[in-house]
2 protein chains.
Amino acid sequence: MTTTAPSSSAVRLAAETWESLFRSQVAVMRRLQAGQAFKKLPIKEYDVLFTLSRCPTGKLRLNEINDHVLLSQSSLSRLVDRLEKRGLVERSIAPDDGRGILLGLTAAGHELQKEIGREHVRDIAELVAPALTAEEQRELLRLTEKLQAFVAHKQPRES
Amino acid sequence: MTTTAPSSSAVRLAAETWESLFRSQVAVMRRLQAGQAFKKLPIKEYDVLFTLSRCPTGKLRLNEINDHVLLSQSSLSRLVDRLEKRGLVERSIAPDDGRGILLGLTAAGHELQKEIGREHVRDIAELVAPALTAEEQRELLRLTEKLQAFVAHKQPRES
DNA sequence: CCAAGATAGATGCATTTGCATGTATCACTG
DNA sequence: CAGTGATACATGCAAATGCATCTATCTTGG
(Lines give C-alpha, C1' and ligand atoms only; values in the text may rest on other atoms or scores of the structure.)
Protein backbone atom coordinates (compact mmCIF):
# COMPACT_ATOMS: atom_id res chain seq x y z
CA MET A 1 0.00 0.00 0.00
CA THR A 2 1.30 3.40 -1.00
CA THR A 3 0.06 6.85 -0.18
CA THR A 4 0.70 10.03 -2.06
CA ALA A 5 2.62 12.64 -0.15
CA PRO A 6 0.22 15.28 1.15
CA SER A 7 0.80 18.77 -0.15
CA SER A 8 2.35 21.22 2.23
CA SER A 9 -0.84 23.26 2.36
CA ALA A 10 -2.85 20.17 3.27
CA VAL A 11 -0.46 19.52 6.13
CA ARG A 12 -0.73 23.09 7.28
CA LEU A 13 -4.51 23.02 7.20
CA ALA A 14 -4.62 19.84 9.25
CA ALA A 15 -2.20 21.30 11.79
CA GLU A 16 -4.14 24.54 12.13
CA THR A 17 -7.38 22.66 12.49
CA TRP A 18 -6.02 20.49 15.25
CA GLU A 19 -4.44 23.45 16.98
CA SER A 20 -7.74 25.29 17.01
CA LEU A 21 -9.69 22.25 18.16
CA PHE A 22 -7.21 21.76 20.95
CA ARG A 23 -7.16 25.39 22.12
CA SER A 24 -10.92 25.64 22.10
CA GLN A 25 -11.07 22.51 24.19
CA VAL A 26 -8.59 23.99 26.65
CA ALA A 27 -10.54 27.24 26.88
CA VAL A 28 -13.86 25.54 27.48
CA MET A 29 -12.46 22.93 29.84
CA ARG A 30 -10.76 25.57 31.93
CA ARG A 31 -14.10 27.23 32.51
CA LEU A 32 -16.00 24.04 33.17
CA GLN A 33 -13.42 22.78 35.67
CA ALA A 34 -13.81 25.99 37.63
CA GLY A 35 -17.54 25.31 37.96
CA GLN A 36 -19.07 25.02 41.40
CA ALA A 37 -20.05 21.44 40.62
CA PHE A 38 -16.49 20.18 40.72
CA LYS A 39 -15.82 21.17 44.29
CA LYS A 40 -17.56 17.93 45.19
CA LEU A 41 -15.65 15.69 42.82
CA PRO A 42 -12.81 16.38 40.37
CA ILE A 43 -13.98 16.51 36.77
CA LYS A 44 -11.96 13.46 35.79
CA GLU A 45 -13.65 11.39 38.43
CA TYR A 46 -17.01 12.77 37.45
CA ASP A 47 -16.29 11.77 33.89
CA VAL A 48 -16.04 8.14 34.93
CA LEU A 49 -19.36 8.31 36.75
CA PHE A 50 -20.88 10.00 33.71
CA THR A 51 -19.53 7.37 31.34
CA LEU A 52 -20.99 4.62 33.49
CA SER A 53 -24.33 6.40 33.71
CA ARG A 54 -24.55 6.52 29.91
CA CYS A 55 -23.88 2.85 29.46
CA PRO A 56 -26.98 0.73 28.72
CA THR A 57 -25.87 -2.21 30.86
CA GLY A 58 -24.73 0.06 33.66
CA LYS A 59 -21.35 -1.62 33.81
CA LEU A 60 -18.15 -1.20 31.87
CA ARG A 61 -14.76 -2.82 31.76
CA LEU A 62 -11.89 -0.69 32.98
CA ASN A 63 -10.15 -0.87 29.64
CA GLU A 64 -13.28 0.41 27.90
CA ILE A 65 -13.40 3.36 30.24
CA ASN A 66 -9.71 3.91 29.65
CA ASP A 67 -10.38 4.53 25.98
CA HIS A 68 -12.65 7.42 26.87
CA VAL A 69 -10.32 9.28 29.22
CA LEU A 70 -6.89 10.79 28.83
CA LEU A 71 -5.29 8.80 31.63
CA SER A 72 -2.82 5.97 31.81
CA GLN A 73 -4.09 2.55 32.79
CA SER A 74 -2.50 2.78 36.21
CA SER A 75 -3.89 6.23 36.89
CA LEU A 76 -7.37 5.06 36.03
CA SER A 77 -6.94 2.08 38.31
CA ARG A 78 -6.18 4.38 41.21
CA LEU A 79 -8.83 6.87 40.29
CA VAL A 80 -11.30 4.00 40.54
CA ASP A 81 -9.78 3.11 43.92
CA ARG A 82 -10.71 6.57 45.11
CA LEU A 83 -14.22 6.37 43.73
CA GLU A 84 -14.67 2.97 45.32
CA LYS A 85 -13.37 4.22 48.67
CA ARG A 86 -16.00 6.95 48.53
CA GLY A 87 -18.67 4.35 47.82
CA LEU A 88 -19.55 5.73 44.41
CA VAL A 89 -18.67 2.69 42.30
CA GLU A 90 -18.26 -1.04 42.75
CA ARG A 91 -15.76 -3.37 41.14
CA SER A 92 -16.81 -6.87 40.13
CA ILE A 93 -15.09 -9.57 38.17
CA ALA A 94 -16.09 -9.82 34.53
CA PRO A 95 -18.11 -13.05 34.12
CA ASP A 96 -16.62 -13.88 30.72
CA ASP A 97 -13.02 -12.95 31.52
CA GLY A 98 -11.42 -13.62 34.87
CA ARG A 99 -8.81 -10.94 34.31
CA GLY A 100 -11.34 -8.21 33.63
CA ILE A 101 -13.02 -5.88 36.08
CA LEU A 102 -16.53 -4.60 35.58
CA LEU A 103 -17.27 -1.25 37.10
CA GLY A 104 -20.74 -0.15 38.08
CA LEU A 105 -22.29 2.81 39.87
CA THR A 106 -23.66 2.43 43.36
CA ALA A 107 -26.88 4.21 44.30
CA ALA A 108 -24.79 6.99 45.82
CA GLY A 109 -22.74 7.17 42.65
CA HIS A 110 -25.83 7.50 40.51
CA GLU A 111 -27.13 10.18 42.81
CA LEU A 112 -23.96 12.24 42.79
CA GLN A 113 -23.57 11.90 39.03
CA LYS A 114 -27.05 13.28 38.46
CA GLU A 115 -26.52 16.07 40.93
CA ILE A 116 -23.24 17.22 39.41
CA GLY A 117 -24.50 16.52 35.92
CA ARG A 118 -27.36 18.98 36.27
CA GLU A 119 -25.04 21.83 37.16
CA HIS A 120 -22.46 20.77 34.63
CA VAL A 121 -24.90 20.68 31.73
CA ARG A 122 -26.09 24.14 32.67
CA ASP A 123 -22.52 25.44 32.60
CA ILE A 124 -21.89 23.81 29.24
CA ALA A 125 -25.00 25.32 27.72
CA GLU A 126 -24.07 28.72 29.08
CA LEU A 127 -20.70 28.55 27.32
CA VAL A 128 -21.53 26.79 24.09
CA ALA A 129 -25.07 27.81 23.19
CA PRO A 130 -24.42 31.55 22.89
CA ALA A 131 -21.18 31.00 20.99
CA LEU A 132 -22.56 29.06 18.04
CA THR A 133 -25.90 28.82 16.31
CA ALA A 134 -27.81 25.56 16.57
CA GLU A 135 -26.87 24.88 12.97
CA GLU A 136 -23.20 25.44 13.72
CA GLN A 137 -23.35 23.26 16.80
CA ARG A 138 -24.83 20.43 14.77
CA GLU A 139 -22.07 20.80 12.23
CA LEU A 140 -19.38 20.88 14.91
CA LEU A 141 -20.93 17.78 16.43
CA ARG A 142 -20.91 16.01 13.11
CA LEU A 143 -17.32 16.91 12.30
CA THR A 144 -15.91 15.93 15.68
CA GLU A 145 -17.81 12.64 15.58
CA LYS A 146 -16.38 11.94 12.15
CA LEU A 147 -12.89 12.78 13.30
CA GLN A 148 -13.19 10.65 16.39
CA ALA A 149 -14.55 7.69 14.42
CA PHE A 150 -11.62 7.83 12.04
CA VAL A 151 -9.02 8.11 14.76
CA ALA A 152 -10.54 5.29 16.78
CA HIS A 153 -10.49 2.89 13.84
CA LYS A 154 -7.11 3.80 12.43
CA GLN A 155 -4.45 1.47 13.74
CA PRO A 156 -1.38 2.97 15.38
CA ARG A 157 1.60 3.40 13.11
CA GLU A 158 4.11 0.61 13.46
CA SER A 159 6.93 2.83 12.12
CA MET B 1 -29.75 42.05 32.18
CA THR B 2 -32.11 39.14 31.68
CA THR B 3 -31.82 36.11 29.46
CA THR B 4 -34.55 33.83 28.26
CA ALA B 5 -34.33 30.30 29.54
CA PRO B 6 -32.84 28.05 26.84
CA SER B 7 -35.10 25.27 25.66
CA SER B 8 -34.27 21.80 26.86
CA SER B 9 -33.33 20.73 23.34
CA ALA B 10 -30.91 23.64 23.02
CA VAL B 11 -29.25 22.58 26.24
CA ARG B 12 -29.03 19.01 25.05
CA LEU B 13 -27.51 20.04 21.73
CA ALA B 14 -24.88 22.15 23.45
CA ALA B 15 -24.02 19.31 25.82
CA GLU B 16 -23.73 16.77 23.02
CA THR B 17 -21.61 19.12 20.99
CA TRP B 18 -19.21 19.70 23.85
CA GLU B 19 -19.09 16.01 24.67
CA SER B 20 -18.16 15.17 21.10
CA LEU B 21 -15.59 17.95 20.87
CA PHE B 22 -14.05 16.74 24.09
CA ARG B 23 -13.94 13.06 23.15
CA SER B 24 -12.47 13.76 19.76
CA GLN B 25 -9.79 15.84 21.44
CA VAL B 26 -9.05 12.97 23.82
CA ALA B 27 -8.84 10.47 20.98
CA VAL B 28 -6.50 12.59 18.88
CA MET B 29 -4.37 13.72 21.82
CA ARG B 30 -3.88 10.15 22.95
CA ARG B 31 -2.41 9.28 19.58
CA LEU B 32 -0.27 12.36 19.33
CA GLN B 33 1.17 11.91 22.82
CA ALA B 34 2.25 8.43 21.87
CA GLY B 35 4.26 9.84 18.98
CA GLN B 36 7.97 9.21 18.80
CA ALA B 37 8.58 12.95 19.04
CA PHE B 38 7.51 13.15 22.65
CA LYS B 39 10.13 10.79 23.96
CA LYS B 40 12.44 13.77 23.91
CA LEU B 41 10.12 16.17 25.71
CA PRO B 42 6.64 15.75 27.18
CA ILE B 43 3.93 17.25 25.02
CA LYS B 44 2.97 19.84 27.63
CA GLU B 45 6.52 21.14 27.73
CA TYR B 46 6.69 21.12 23.96
CA ASP B 47 3.51 23.15 23.88
CA VAL B 48 5.22 25.95 25.78
CA LEU B 49 8.15 25.95 23.36
CA PHE B 50 5.70 25.97 20.47
CA THR B 51 3.72 28.84 21.92
CA LEU B 52 6.88 30.87 22.33
CA SER B 53 8.00 30.05 18.80
CA ARG B 54 4.73 31.40 17.42
CA CYS B 55 4.97 34.68 19.24
CA PRO B 56 6.13 37.63 17.09
CA THR B 57 8.28 39.19 19.84
CA GLY B 58 9.69 35.83 20.84
CA LYS B 59 8.86 36.42 24.48
CA LEU B 60 5.75 35.96 26.54
CA ARG B 61 4.67 36.60 30.07
CA LEU B 62 4.03 33.52 32.16
CA ASN B 63 0.42 34.49 32.74
CA GLU B 64 -0.13 34.78 29.00
CA ILE B 65 1.23 31.31 28.49
CA ASN B 66 -0.93 30.09 31.31
CA ASP B 67 -4.05 31.07 29.37
CA HIS B 68 -3.04 28.76 26.56
CA VAL B 69 -2.36 25.71 28.65
CA LEU B 70 -4.51 23.58 30.91
CA LEU B 71 -2.25 23.88 33.94
CA SER B 72 -2.41 25.73 37.24
CA GLN B 73 -0.15 28.72 37.72
CA SER B 74 2.14 26.82 40.05
CA SER B 75 2.43 23.85 37.73
CA LEU B 76 3.40 26.09 34.88
CA SER B 77 5.99 27.79 37.06
CA ARG B 78 7.61 24.46 37.76
CA LEU B 79 7.28 23.25 34.20
CA VAL B 80 9.24 26.35 33.20
CA ASP B 81 11.80 25.48 35.90
CA ARG B 82 12.35 22.18 34.13
CA LEU B 83 12.64 23.81 30.71
CA GLU B 84 15.08 26.34 32.11
CA LYS B 85 17.16 23.65 33.78
CA ARG B 86 17.43 21.94 30.40
CA GLY B 87 18.57 25.19 28.84
CA LEU B 88 15.59 25.47 26.50
CA VAL B 89 14.13 28.73 27.77
CA GLU B 90 15.29 31.78 29.67
CA ARG B 91 13.45 33.84 32.25
CA SER B 92 13.88 37.60 32.32
CA ILE B 93 12.15 40.33 34.26
CA ALA B 94 9.43 42.16 32.37
CA PRO B 95 10.71 45.68 31.69
CA ASP B 96 7.35 47.32 32.31
CA ASP B 97 6.34 45.30 35.35
CA GLY B 98 8.81 44.19 37.99
CA ARG B 99 6.54 41.37 39.11
CA GLY B 100 6.29 39.85 35.68
CA ILE B 101 8.52 37.28 34.05
CA LEU B 102 9.20 37.21 30.35
CA LEU B 103 9.98 33.84 28.90
CA GLY B 104 11.99 33.36 25.74
CA LEU B 105 13.46 30.45 23.81
CA THR B 106 17.19 29.83 23.82
CA ALA B 107 18.89 28.71 20.62
CA ALA B 108 18.68 25.12 21.87
CA GLY B 109 15.00 25.64 22.64
CA HIS B 110 14.33 26.91 19.15
CA GLU B 111 16.20 23.98 17.72
CA LEU B 112 14.37 21.35 19.72
CA GLN B 113 11.01 22.96 19.03
CA LYS B 114 11.59 22.82 15.30
CA GLU B 115 12.85 19.27 15.48
CA ILE B 116 9.88 17.98 17.45
CA GLY B 117 7.52 20.22 15.52
CA ARG B 118 8.41 18.59 12.21
CA GLU B 119 7.54 15.13 13.46
CA HIS B 120 4.50 16.36 15.33
CA VAL B 121 3.01 18.12 12.35
CA ARG B 122 3.46 14.98 10.30
CA ASP B 123 1.61 12.94 12.92
CA ILE B 124 -1.21 15.48 13.04
CA ALA B 125 -1.61 15.47 9.30
CA GLU B 126 -1.65 11.70 9.26
CA LEU B 127 -4.53 11.65 11.72
CA VAL B 128 -6.60 14.61 10.65
CA ALA B 129 -6.17 14.92 6.91
CA PRO B 130 -7.62 11.52 5.97
CA ALA B 131 -10.48 11.91 8.44
CA LEU B 132 -12.03 15.08 7.05
CA THR B 133 -12.09 16.77 3.67
CA ALA B 134 -10.28 20.06 3.29
CA GLU B 135 -13.65 21.78 3.26
CA GLU B 136 -14.64 20.08 6.49
CA GLN B 137 -11.35 20.95 8.12
CA ARG B 138 -11.81 24.58 7.23
CA GLU B 139 -15.27 24.51 8.73
CA LEU B 140 -14.06 22.78 11.89
CA LEU B 141 -11.31 25.37 12.17
CA ARG B 142 -13.81 28.19 11.80
CA LEU B 143 -16.23 26.78 14.36
CA THR B 144 -13.61 26.07 17.01
CA GLU B 145 -12.09 29.52 16.55
CA LYS B 146 -15.49 31.07 16.98
CA LEU B 147 -16.15 29.02 20.10
CA GLN B 148 -12.79 29.87 21.56
CA ALA B 149 -13.22 33.57 20.86
CA PHE B 150 -16.54 33.61 22.64
CA VAL B 151 -15.31 31.69 25.65
CA ALA B 152 -12.22 33.86 25.98
CA HIS B 153 -14.19 37.08 25.98
CA LYS B 154 -17.07 35.98 28.18
CA GLN B 155 -16.38 36.91 31.75
CA PRO B 156 -16.60 34.23 34.41
CA ARG B 157 -19.94 33.98 36.15
CA GLU B 158 -19.97 35.68 39.50
CA SER B 159 -22.96 33.58 40.58
C1' DC C 1 3.83 60.13 49.38
C1' DC C 2 1.76 56.47 52.18
C1' DA C 3 -1.34 52.77 53.33
C1' DA C 4 -4.40 49.06 51.65
C1' DG C 5 -5.60 46.07 48.37
C1' DA C 6 -4.61 43.69 43.98
C1' DT C 7 -1.62 41.04 40.92
C1' DA C 8 2.62 38.09 39.27
C1' DG C 9 5.06 34.56 40.24
C1' DA C 10 7.58 31.15 43.62
C1' DT C 11 7.40 27.49 47.10
C1' DG C 12 5.95 23.88 50.92
C1' DC C 13 3.28 20.02 51.02
C1' DA C 14 -0.21 16.57 50.10
C1' DT C 15 -2.35 14.36 46.15
C1' DT C 16 -2.29 12.55 41.51
C1' DT C 17 0.07 10.72 37.62
C1' DG C 18 2.90 7.68 34.75
C1' DC C 19 6.49 4.22 34.02
C1' DA C 20 8.09 -0.07 34.98
C1' DT C 21 6.92 -4.19 36.73
C1' DG C 22 4.19 -7.82 39.13
C1' DT C 23 0.32 -11.24 39.28
C1' DA C 24 -3.39 -13.64 37.33
C1' DT C 25 -6.06 -15.16 33.52
C1' DC C 26 -6.66 -16.03 28.66
C1' DA C 27 -5.55 -17.67 23.77
C1' DC C 28 -2.89 -20.35 20.77
C1' DT C 29 0.29 -23.95 19.24
C1' DG C 30 1.89 -28.11 18.93
C1' DC D 1 -3.37 -30.32 27.64
C1' DA D 2 1.22 -28.37 28.74
C1' DG D 3 3.93 -24.39 27.33
C1' DT D 4 4.47 -19.79 25.48
C1' DG D 5 3.14 -15.42 24.71
C1' DA D 6 -0.50 -11.89 25.15
C1' DT D 7 -3.85 -9.25 27.86
C1' DA D 8 -6.18 -7.08 32.17
C1' DC D 9 -5.49 -4.99 36.04
C1' DA D 10 -2.68 -3.76 40.44
C1' DT D 11 1.31 -1.71 42.76
C1' DG D 12 6.14 0.40 44.07
C1' DC D 13 8.22 4.47 43.26
C1' DA D 14 9.75 8.76 41.20
C1' DA D 15 7.92 12.77 38.99
C1' DA D 16 4.24 16.12 38.06
C1' DT D 17 0.24 18.66 39.75
C1' DG D 18 -2.73 21.72 42.52
C1' DC D 19 -3.93 24.22 46.71
C1' DA D 20 -2.66 27.33 50.00
C1' DT D 21 0.43 30.62 51.07
C1' DC D 22 4.51 33.63 50.70
C1' DT D 23 7.20 37.57 48.73
C1' DA D 24 7.63 41.35 45.80
C1' DT D 25 5.78 44.73 42.93
C1' DC D 26 2.12 47.53 41.22
C1' DT D 27 -2.18 50.51 41.68
C1' DT D 28 -5.31 53.45 43.87
C1' DG D 29 -7.44 56.68 47.23
C1' DG D 30 -6.56 59.82 50.58
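Both backbone and side-chain heavy atoms feed into the values below; hydrogens, waters and symmetry mates do not. Numbered from 1 within each chain, the chains take letters A, B, ... in sequence-line order.
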Once you round it to whole Å, what is the distance between [atom2] of [N] and [atom1] of [X]?
X: B/D96; N: D/dA24; atom1: CG; atom2: P; answer: 20 Å
X: B/E45; N: D/dA16; atom1: CD; atom2: C1'; answer: 9 Å
X: A/L62; N: C/dT25; atom1: CG; atom2: C1'; answer: 15 Å
X: A/K44; N: C/dG18; atom1: NZ; atom2: P; answer: 7 Å
X: B/N63; N: C/dG9; atom1: CG; atom2: P; answer: 4 Å
X: A/Q33; N: C/dT16; atom1: CD; atom2: C1'; answer: 13 Å
X: A/L79; N: D/dT17; atom1: CG; atom2: C1'; answer: 14 Å
X: A/R78; N: C/dG22; atom1: CZ; atom2: C1'; answer: 13 Å

Taking it one step at a time, do A/R12 and A/S8 satisfy side chain to side chain donor-acceptor pair (under 3.5 Å)? CA-CA 6 Å; A/R12 203 168 332 120; A/S8 127; 3.1 Å; yes
Which comes earlier along DNA chain C counting from the 5' end, the contact point of A/L71 or that of B/S77, where each point is its nearest nucleotide?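 Nearest nucleotide further toward 5': that of B/S77.
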Return the 5'-most residue of the pair B/S74, A/G98 with respect to DNA chain C, ranking by each residue's nearest nucleotide. B/S74
Given [options], the nucleotide with the shortest approach to the side chain of [X]:
X: B/I101; options: D/dA10, C/dA10, D/dT17; answer: C/dA10
X: B/S72; options: D/dG18, C/dG18, D/dC26; answer: D/dG18
X: B/R99; options: D/dG12, C/dT7, C/dT25; answer: C/dT7

Should A/R23 and A/E19 be marked as a salt bridge (Lys or Arg N to Asp or Glu O under 4.0 Å) after you check the CA-CA gap, both sets of side-chain angles, and the distance that decides it? CA-CA 6 Å; A/R23 297 292 173 210; A/E19 161 90 357; 3.2 Å; yes
What I want to check is whether the side chains of B/S20 and A/T144 have a donor and an acceptor closer together than 3.5 Å. yes
Look at A/E145 together with A/R142 and state whether they make a salt bridge at an N to O cut-off of under 4.0 Å. no
A/K40/A/E119 ion pair, N-O < 4.0 Å: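 A salt bridge links A/K40 with A/E119.
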Using a cut-off of less than 4.0 Å, is there contact between a side-chain N or O of B/R82 and OP1 or OP2 of D/dT17?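 It does, given that an N or O in the side chain of B/R82 lies less than 4.0 Å from OP1 or OP2 of D/dT17.
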Residue-phosphate contact under 4.0 Å: B/R91 side-chain N/O, C/dG9 OP1/OP2: no
With sugar-phosphate meaning primed atoms plus P, OP1 and OP2, does A/D97 contact a base, only sugar-phosphate, or nothing at under 4.0 Å between heavy atoms? sugar-phosphate
Counting distance alone, no hydrogens or angles: does the base of D/dA8 have a donor or acceptor under 3.5 Å from a partner atom on the side chain of A/Q73?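 When only heavy-atom distances are counted, A/Q73 does not reach the base of D/dA8 through any donor-acceptor pair under 3.5 Å.
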